[in-house]
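The block underneath contains the structure these notes are about, expressed in structure tokens.
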Amino acid sequence: AGMSQASLIFDDKGSTLMKDTFPFQPTEKGLYWHLRVQVNGKYLINGRIFKIKPEMGEKDTITIEARCYGQELLRKFIGKNYTKDPKKADDLIEDILAVCKVNDVQYTSPHTASLPLLSPDYTDKCPYIHDVVREIGEQVDYSAFVQTQAAVTKGTLLFFPKNDSSKRHT
């Protein structure tokens, strides 16, 4: 499961962006806003702003750093024990996303009957969701990635057999 990110540098002579669009306030206005970057008619990233860096000097610039919606899987971790509540791999991922209240990534389990039951215990390790999804995928020979489209404000987690070439990230 990979994550896309971007750094965008804008000329900000007169500090217009910093004054009007991203003013410094205790509420961190502007951070975590949705962001879509389109170049020559093609969307390069669809996600959220996670860092704003103004630079003053010879050139007044503002750098905006953004990550795709899958970044939420890098910020939240799971601490639940599934030893008494085993689930199939795809249903386990669905439960983990619900337990962790993931908002930017949607997922609906395909309920694949052939997947084995898994009963991991995450109470001691508390791994990030991103790592858990990758680990679950490795156990059942599946792949996963967060797909984002230009017209949405959420990513969609795709979980599929590694040999299914129709689901490859393009």
Side-chain angles (χ1 to χ4, degrees), residues 1-9 31-53 63-170:
M3 301 291 158
S4 300
Q5 65 182 37
S7 292
L8 309 165
I9 302 172
L31 284 180
Y32 311 114
W33 280 358
H34 295 282
L35 175 78
R36 291 186 184 111
V37 178
Q38 183 179 14
V39 176
N40 297 331
K42 182 178 180 179
Y43 282 92
L44 301 180
I45 191 165
N46 192 4
R48 289 188 180 272
I49 295 170
F50 75 94
K51 190 184 289 182
I52 300 169
K53 297 187 305 185
T63 301
I64 297 173
E65 295 186 20
R67 291 188 182 138
C68 74
Y69 290 117
Q71 70 172 308
E72 189 171 19
L73 304 182
L74 293 168
R75 292 192 329 252
K76 293 186 174 181
F77 55 88
I78 181 73
K80 184 176 176 179
N81 183 346
Y82 288 94
T83 54
K84 292 188 169 90
D85 185 22
K87 298 183 182 310
K88 292 181 296 166
D90 50 357
D91 295 333
L92 180 61
I93 291 171
E94 186 173 62
D95 190 73
I96 288 170
L97 296 178
V99 166
C100 294
K101 297 181 174 127
V102 173
N103 297 314
D104 281 347
V105 178
Q106 55 193 11
Y107 173 77
T108 303
S109 172
H111 305 294
T112 307
S114 63
L115 290 176
L117 287 176
L118 301 176
S119 56
D121 181 358
Y122 298 119
T123 53
D124 289 335
K125 294 189 251 176
C126 290
Y128 288 100
I129 298 170
H130 175 267
D131 296 325
V132 170
V133 170
R134 183 180 6 207
E135 178 183 292
I136 291 170
E138 288 171 3
Q139 290 176 6
V140 297
D141 205 27
Y142 267 49
S143 292
F145 72 89
V146 176
Q147 181 181 44
T148 57
Q149 300 85 25
V152 298
T153 56
K154 289 182 185 258
T156 302
L157 178 65
L158 301 180
F159 187 66
F160 54 93
K162 285 183 179 180
N163 62 359
D164 184 349
S165 61
S166 70
K167 300 273 193 317
R168 292 285 168 223
H169 194 4
T170 56

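For reference, positions follow the sequence shown, starting with 1.
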Practice problem: Test I93 against every option in D91, L97, D90, D95 by the side-chain contact (heavy atoms from CB on, under 4.5 Å) rule and name the one that passes. | Solution: L97

Self-check item: Close side-chain approach of I52 to T63, heavy-atom, < 4.5 Å
Solution: no

Quiz prompt | Distance-minimising heavy-atom pair for K88 and L115 | solution = CG-O, 3.6 Å

Quiz item: Closest heavy-atom contact between V133 and A144?
Solution: CG1-CB, 3.6 Å

Practice problem: Taking all non-hydrogen atoms of both residues into account, name the closest pair between G79 and C126 and its distance. | Solution: CA-SG, 3.9 Å

Quiz item: Taking NZ, NE, NH1 and NH2 as the nitrogens, is one of them in E72 or K76 under 4.0 Å from a carboxylate oxygen of the other?
Solution: yes

Quiz item: Do P127 and I78 have side chains that get closer than 4.5 Å, going by heavy atoms?
Solution: yes

Self-check item: Polar side-chain atom of Q5 near backbone of A66 as donor-acceptor pair, under 3.5 Å
Solution: no

Practice problem: Indicate whether any N or O donor in one side chain lies under 3.5 Å from an N or O acceptor in the other, for Q106 and T156. | Solution: yes

Quiz item: Do V132 and F77 have side-chain heavy atoms sitting under 4.5 Å apart?
Solution: no

Quiz prompt | Side chain proximity check, I45 to Y69, heavy atoms < 4.5 angstrom | solution = no

Quiz item: How are the rings of F160 and F145 set to each other: parallel, tilted or perpendicular (split at 30° and 60°)?
Solution: perpendicular

Quiz item: For the atom pair CG (L92) and CD (Q139), what is the distance rounded to the nearest 0.5 Å?
Solution: 9.0 Å

Quiz item: How close do A89 and I136 get, heavy atom to heavy atom, and via which atoms?
Solution: CB-CG2, 3.5 Å

Self-check item: Gap separating the CG atom of L158 from the CD atom of Q147, nearest 0.5 angstrom
Solution: 5.0 Å

Practice problem: Could you tell me which non-hydrogen atom of H130 sits nearest to which non-hydrogen atom of L74, and how far apart they are? | Solution: CG-CD2, 3.6 Å

Quiz item: Charged N to carboxylate O under 4.0 angstrom, D121 versus K80?
Solution: no

Exercise. Hey, could you give me the OH/NZ distance between Y142 and K162, rounded to the nearest 0.5 Å?
Key: 12.0 Å

Quiz item: Which distance, rounded to the nearest 0.5 Å, do you find between the CZ of F50 and the CZ of R67?
Solution: 4.0 Å

Quiz item: CD1 of I129 to OH of Y122: how many Å apart, nearest 0.5 Å?
Solution: 10.5 Å

Practice problem: Hey, could you give me the CG/CG distance between L73 and D131, rounded to the nearest 0.5 Å? | Solution: 10.0 Å

Quiz item: Do you know the tightest heavy-atom contact between S7 and E65?
Solution: OG-CG, 3.6 Å

